[in-house]
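Report on the structure given below.
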Amino acid sequence: MLSHLIAITLAYGLDRLFGDPKGIPHPVIGIGKLISYLEKVWNQGGGRIVKGGFMAVLVIGICFFSSFVMIEQLFDWNHYAAIGLEAVLIWTTIAEKGLRQAAMEVYRPLKKGDLPRARKYLSYIVGRDTDHLEEPQIVRGTVETVAENISDGVTAPLFYALIGGAPLAIAYRAINTCDSMVGYRNERFKDFGFVSAKLDDLFNLIPSRLTAFVMILFSSFSIKEKQKLFQELLVQARRHPSPNSGWGEAAAALLLEVQLGGINYYFGEKSERPKIGKALRSPAAYHIEQVNHLLAITVWMWMLLLWLGGIGIELAITWSESN
């Protein structure tokens, strides 16, 4: 457990310093290529749910066991080198700096009134049409992206890294990648991606909710206000069509006092999502800075809680073994 905590801390430091690792083989790229190949081969004919399930299990298994074997073999040779490898692998599963930078790429031109450039950078991080969005819609899209990815992109992989080290963090990232590539409800993927989508829902169930609670718990609101926010969170989060994504989005909406969700367009087709939060303020550029600050505070507190939890587990194990 202690070695996992050290590796997690090093991984977080690497992400803060360097962001998304460049110049080294990135596991997610390899995972994506494997998923793409298997999907082309197996996503045809009958039994697509079974084939898609086998694809997900195979990809996740390869990711988990290959990283597990590498780390275990390195531990036999040099303990510190193994922790270093584990830190690098966990680093590839988190993206706090990249998420923050992507949001600021939208914020900078938006603050200068350069809507075309802000729309361009927003299009890099969302799937919706951005060509005709005005400032409130641009801000809403950016805030939603950051809020939804606090868990997926940072806290969830760190949560699983504490439980099972880099192998489980990599396995989580494989699940997340499977869902992002095939977990759609359209004609092509509704059967083949069924298991991937359900696995992603299952593995995000706990981290997404814990993350939302941490976001509110360590906010600057008073204790009485936080109690009301926790109550409202339970209502607002369930409005999101995803069983997990709504928790981070609802927490951000309540803390920033803006309303998220609503009408979007995808390839010219109108899509309307339930609204989340209360429109106490109109979304403005400064809300992007605020959601980035919320991201940073949440991750700092998450790291602190991981250390407290990890040390607590270690002490409990030591006590039980000595009695």
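One-based numbering along the sequence shown.
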Over all atoms of both residues, closest heavy-atom pair of R119 and D131: CD-O, 3.4 Å
I297 to F218 - nearest heavy-atom pair and separation: CG2-O, 4.0 Å
Please state whether the rings of [X] and [Y] are parallel, tilted or perpendicular, taking 30° and 60° as the class boundaries.
X: F68; Y: F64; result: parallel
X: Y172; Y: Y160; result: parallel
X: F230; Y: F213; result: parallel

Over 12 non-hydrogen atoms of neighbours within 6.0 angstrom of CD1 in I206: no
Output side-chain donor-acceptor pairs under 3.5 Å for residues 271-280, partner residues at least two apart or in another chain, one line each.
| residue | atom | partner | partner atom | Å |
| --- | --- | --- | --- | --- |
| R273 | NH2 | E249 | OE1 | 3.1 |
| R273 | NH2 | E249 | OE2 | 2.5 |

Step-by-step side chain to side chain donor-acceptor pair (under 3.5 Å) determination, R209 to N204: CA-CA 8 Å; R209 286 154 178 77; N204 280 300; over 6 Å; no
Ignoring hydrogens and geometry beyond distance, is a side-chain donor-acceptor pair present between [X] and [Y] at under 3.5 Å?
X: T211; Y: T155; value: yes
X: R140; Y: Q137; value: no
X: S36; Y: E39; value: no

Evaluation steps, side-chain contact (heavy atoms from CB on, under 4.5 Å), between V59 and C178: CA-CA 8 Å; V59 171; C178 283; 4.2 Å; yes
Expected output: side-chain D15 to main-chain E96 donor-acceptor under 3.5 Å: yes
L304 vs W300, side-chain contact (heavy atoms from CB on, under 4.5 Å): CA-CA, chis, key distance, verdict: CA-CA 6 Å; L304 175 62; W300 291 340; over 6 Å; no
Step-by-step side chain to side chain donor-acceptor pair (under 3.5 Å) determination, W302 to Y12: CA-CA 11 Å; W302 192 262; Y12 175 62; over 6 Å; no
CA sep, side-chain torsions, deciding dist, call: R117, Y121, side chain to side chain donor-acceptor pair (under 3.5 Å): CA-CA 6 Å; R117 193 169 182 84; Y121 281 107; 3.2 Å; yes
